[in-house]
Amino acid sequence: MTEEQAAYGDYGDYEDYWDETRERLRERGLPDGHAERVLAELAGAAPADPAGRFGPAGALAERLTPEPAADEHAEIWRWSADTYADAALLDRFGAEGWELERVDSLGRFVCRRDPERPRSWEYHRAVTGAEARPAAEGWEPCGTWTVYSWFKREKQVPEPTRGGDGAHSAPSPPRRRRLPFRRRRA
């Protein structure tokens with residue numbers, strides 16, 4: 001047992017489970033002190049059979065940490081939209097080079113973009129089931145959530161007109177969430 005484990009508590013009969021989870025969290029880059037605090041809190045929430053409550057240790061570590069970026073230069077962005085706006089937003093963001101990788105368990109779109117070499121994407125949404133696979137025109141699945149499935153394909157765009165120096169225009173900056181200010185009524 002490490003000093004940090006002693007400081008945050010005993011893990012009882014399930015120490016092997018928590019040790020494996022700790023090791024997976026370290027592999028995914030979570031600092032040791034933070035990992036110990038998280039594990040102590042989870043151990044308190046599930047004193048008996050943590051695997052039954054949280055699932056396998058590796059899967060728990062994946063849920064607790066962000067996905068490691070395959071490319072250190074890629075930007076990752078999570079955002080949400082309702083069913084009335086998602087198609088228009090996906091079209092707009094796809095044109096800016098954001099590629100939809102998946103839809104997470106909270107219904108957020110997880111997108112990535114290479115700022116040095118952005119590619120243009122187009123998207124299609126279908127109701128899961130009868131129409132779950134669009135025509136085989138290069139569409140590939142990129143996410144499902146509740147009753148919807150999303151598909152993507154790289155948009156074929158003509159070579160952009162270059163300026164005198166041969167440079168492309170710069171991609172748009174990463175999106176930031178804006179919170180509207182509301183006035184309170186007296």
Side-chain angles (χ1 to χ4, degrees), residues 1-83 86 89-90 93-94 97-116 119 121 123-130 132-133 139-152 174-179:
M1 182 178 291
T2 68
E3 254 181 56
E4 290 172 345
Q5 287 174 325
Y8 293 107
D10 182 24
Y11 296 122
D13 296 334
Y14 300 97
E15 195 162 330
D16 290 342
Y17 177 84
W18 297 115
D19 286 342
E20 183 181 350
T21 306
R22 180 181 308 101
E23 192 58 37
R24 299 292 168 263
L25 290 171
R26 285 182 182 146
E27 288 172 4
R28 295 180 68 85
L30 199 67
D32 290 338
H34 185 71
E36 289 302 325
R37 286 188 294 275
V38 168
L39 293 179
E41 187 176 328
L42 291 173
D49 190 23
R53 172 116 189 240
F54 302 119
L60 176 60
E62 286 178 21
R63 288 195 313 270
L64 293 174
T65 56
E67 255 181 63
D71 180 6
E72 62 194 42
H73 300 293
E75 300 169 330
I76 304 287
W77 178 37
R78 288 175 174 80
W79 56 279
S80 61
D82 62 25
T83 191
D86 68 331
L89 290 172
L90 281 168
F93 300 147
W98 290 101
E99 174 187 2
L100 177 60
E101 288 189 327
R102 63 187 173 86
V103 179
D104 69 11
S105 61
L106 299 174
R108 295 178 301 185
F109 297 96
V110 180
C111 299
R112 69 185 324 252
R113 177 175 74 167
D114 183 348
E116 296 171 3
R119 301 184 304 177
W121 296 91
Y123 298 98
H124 172 73
R125 182 186 69 201
V127 175
T128 304
R133 188 98 181 141
W139 292 101
E140 60 183 274
C142 59
T144 57
W145 193 67
T146 63
V147 298
Y148 297 113
S149 295
W150 286 269
F151 300 88
K152 67 181 175 185
R175 300 277 175 184
R176 301 287 183 237
R177 184 175 175 160
R178 295 182 189 166
L179 297 174

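Sequential numbering from 1 along the given sequence is applied to the chain's residues. Values reported hereafter were calculated over all heavy atoms of this structure, with side chains retained and with hydrogens, waters and symmetry mates removed. Quantities reported herein were computed from a predicted structural model and do not represent experimental measurements.
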Shortest non-hydrogen contact between [X] and [Y], atoms and distance:
X    : Y    : value
V110 : L100 : O-CD1, 3.6 Å
A81  : L89  : CB-CD1, 3.7 Å
P115 : A74  : CD-CA, 4.3 Å
F151 : A126 : CE1-CB, 4.1 Å
A35  : L25  : CB-CD1, 4.1 Å
G58  : R24  : CA-CG, 4.0 Å

Please determine which of F109, Y123, W77, W121 meets the ring-ring contact (aromatic ring centres under 6.0 Å, His included) test together with W98.
-> W77

Check for a donor-acceptor pair, side chain of [X] on one end and backbone N or O of [Y] on the other, with a separation under 3.5 Å.
X    : Y   : result
R125 : D86 : no
R119 : E99 : no
R53  : L42 : no

Going through the checks in order, is the side-chain contact (heavy atoms from CB on, under 4.5 Å) test met by Y148 and V103?
-> CA-CA 10 Å; Y148 297 113; V103 179; over 6 Å; no

Decide yes or no on side-chain contact (heavy atoms from CB on, under 4.5 Å) for E23 and R26, but give the supporting numbers first.
-> CA-CA 5 Å; E23 192 58 37; R26 285 182 182 146; 4.0 Å; yes

With sequence neighbours left out, the residues meeting ring pair (Phe, Tyr, Trp, His ring centres under 6.0 Å) with W145 are none

Going by heavy atoms in the side chains, are F54 and T21 under 4.5 Å from each other?
-> no

Report the residues that fulfil side-chain contact (heavy atoms from CB on, under 4.5 Å) with D49, sequence neighbours left out, ordered by chain and then residue number.
-> Y14, A51

Output the distance between atom [atom1] ([X]) and atom [atom2] ([Y]), rounded to the nearest 0.5 Å.
X    : Y    : atom1 : atom2 : answer
R108 : R78  : CZ    : CZ    : 6.0 Å
C111 : E101 : SG    : CD    : 8.0 Å
E62  : E27  : CD    : CD    : 10.5 Å
R102 : T144 : CZ    : OG1   : 11.0 Å

Distance flag, aromatic centroids of F93 and W79, threshold under 6.0 Å = yes

Please identify each residue that fulfils side chain to side chain donor-acceptor pair (under 3.5 Å) with E41, with sequence neighbours left out.
-> none

